[in-house]
Amino acid sequence: MNSKFGSGTSADEVLAGVDLKGRRFFITGASSGIGFETARALLAHGARVVATGTDLARLEAAAAPLREAAAQAGGGLECIALNLASLHSVRKCAEQLLEDGRPFNAVIANAGVMATPFGRTADGFELQFGINYLGHFALINRIAPLLADEGRLVLLSSQAHRIADVDLDDPNFEQQAYDPWLAYGRSKTAVALFAVEFDQRHRHPGIRAASVMPGNSFTALTRHLSQESLQGLLDNVRQARAAAGLAPAELKDMPQAAATSVWAAVVADKDDIGGRYLEDCAVAAIDDTPNPFADGVKSYALDAGKARQLWVKSEEMLGMKGSDS
């Protein structure tokens with residue numbers, strides 16, 4: 001592992017001296033925030049990027065700086081619509097990519113929502129579980145044949161995975177009261193477990209998968225929080241970390257928040273990161289203390305048995321069979 005990278009590293013610093021001409025990447029949720037900066041950094045180093053957004057017109061409107069970065073470095077950008085809250089949209093996106101047939105060196109599952117009011121996707125799944133996890137599960141398993149030999153899958157999880165393990169008995173909050181943070185935490189644990197099982201199923205052909213904690217930052221994810229709620233969250237984080245003797249949490253800017261995704265997709269040794277949870281451009285240590293705002297990863301988010309159970313449950317929920325073939 002390269003110890004010169006850390007919490008303050010930017011995506012461009014990770015890619016310093018790296019030429020990505022001839023390499024192709026797929027990024028979900030690139031209209032703004034971390035996904036946008038991830039795409040920009042890759043394009044600025046010559047990559048070709050296929051970027052998705054729920055609103056294609058909005059994505060195209062936001063893409064001018066991305067196209068400029070691509071033009072200057074010899075890369076290229078394509079935009080495609082993807083609404084992870086609709087399996088019809090997921091299938092349509094996958095069909096377009098499969099029909100095109102060109103492989104990807106890495107898939108970066110960046111899109112997501114956070115602490116939303118209770119809602120359901122077009123197919124009846126709890127909104128956060130459906131968008132953050134199930135939509136990506138359905139899409140990535142469909143386009144897995146497009147991952148090149150030695151390719152990588154990077155899935156954005158969150159420190160919020162520390163809030164809760166997945167609930168395989170009631171993933172859609174049909175038998176319990178809905179809590180937006182509990183739902184968010186469960187969805188991000190599911191993302192981490194997806195990386196564990198995908199890595200297990202695809203590592204022998206040379207493809208590796210990892211989950212990423214990008215770091216705390218102000219993005220569109222906070223749009224469902226009032227200013228009062230957001231300040232309360234920051235205060236809770238500060239107090240919980242102080243009580244545990246931990247350093248204050250630092251807010252990252254977008255180039256810093258995109259760094260670990262880019263590191264995992266391009267720079268890190270794939271065999272070191274396969275099936276692991278990453279933060280600050282490094283493999284995170286396991287930390288099972290109850291503090292939800294501590295650093296590190298809960299062991300339940302790396303549990304191979306639970307990852308397999310979740311995969312099977314997800315196939316059942318989506319009506320999929322044989323998605324490991």
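Just so it is clear, the model here is predicted, and its values are computed rather than measured.
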Exercise. Heavy-atom distance under 4.5 Å between the side chains of Phe173 and Arg186, does that happen here?
Worked result: yes

Seminar exercise, completed: Residues Ser32 and Arg58: closest non-hydrogen pair is OG-NH2, 3.8 Å

Problem set entry | ring pair (Phe, Tyr, Trp, His ring centres under 6.0 Å): pairs with one or both residues in residues 46-83, sequence neighbours excluded | none

For this session: Please check if the side chain of His45 supplies one atom and the backbone of Val18 the other of a donor-acceptor pair under 3.5 Å.
Result: yes

Exercise. What do you reckon, are the aromatic ring centroids of Phe125 and Phe129 less than 6.0 Å apart?
Worked result: no

Exercise. Mind checking whether Leu139 and Thr28 have side chains closer than 4.5 Å, heavy atoms only?
Worked result: yes

Exercise. Should the ring pair Phe118 and Tyr178 be called parallel, tilted or perpendicular, given that the plane angle runs from 0 to 90° and is split at 30 and 60?
Worked result: perpendicular

Problem set entry | Aromatic plane relationship, Phe137 with Phe194 - under 30° parallel, 30 to 60° tilted, over 60° perpendicular | tilted

Exercise. So, Thr116 and Tyr184: side-chain donor and acceptor under 3.5 Å apart, yes or no?
Worked result: no

Exercise. Would you call the rings of His161 and Tyr300 parallel, tilted or perpendicular if under 30° counts as parallel and over 60° as perpendicular?
Worked result: perpendicular

Throw together a table of side-chain donor-acceptor distances under 3.5 angstrom for residues 77-87, partners on residues two or more places apart or in other chains.
from: Glu78; atom 1: OE1; to: Arg102; atom 2: NH2; distance (Å): 3.2
from: Glu78; atom 1: OE2; to: Arg102; atom 2: NH2; distance (Å): 3.0
from: Asn83; atom 1: OD1; to: Ala85; atom 2: N; distance (Å): 3.0
from: Ser86; atom 1: OG; to: His88; atom 2: N; distance (Å): 3.3
from: Ser86; atom 1: OG; to: Ser89; atom 2: N; distance (Å): 3.2

Exercise. Taking side chain as C-beta onward, heavy atoms only, is Trp263 less than 4.5 Å from Leu278?
Worked result: yes

Exercise. Does a side-chain heavy-atom distance below 4.5 Å link Arg162 with Val297?
Worked result: no

Problem set entry | Salt-bridge contact Arg40-Asp12 (side-chain N to carboxylate O under 4.0 Å) | yes

Exercise. So, Arg120 and Glu126, do they make that salt bridge, N to O below 4.0 Å?
Worked result: no

For this session: For Asn291 and Thr289, test the side chains for any donor-to-acceptor distance below 3.5 angstrom and give the result as yes or no.
Result: no

Exercise. Can we say Lys252 and Asp280 salt-bridge, meaning some charged N sits less than 4.0 Å from an Asp/Glu carboxylate O?
Worked result: yes

Exercise. Should the pair Arg67-Glu60 be classified as a salt bridge under the 4.0 Å nitrogen-to-oxygen rule?
Worked result: yes

Problem set entry | Asp271: side-chain contact (heavy atoms from CB on, under 4.5 Å) partners, not counting sequence neighbours | Arg208, Asp269

Exercise. Can you find a side-chain donor-acceptor pair between Asp167 and Gln176 that sits under 3.5 Å?
Worked result: yes

For this session: Check whether more than 12 heavy atoms from other residues, nucleotides or ligands sit under 6.0 Å from atom CZ of Arg24, and answer yes or no.
Result: yes

Exercise. Going by heavy atoms in the side chains, are Val212 and Ser157 under 4.5 Å from each other?
Worked result: no

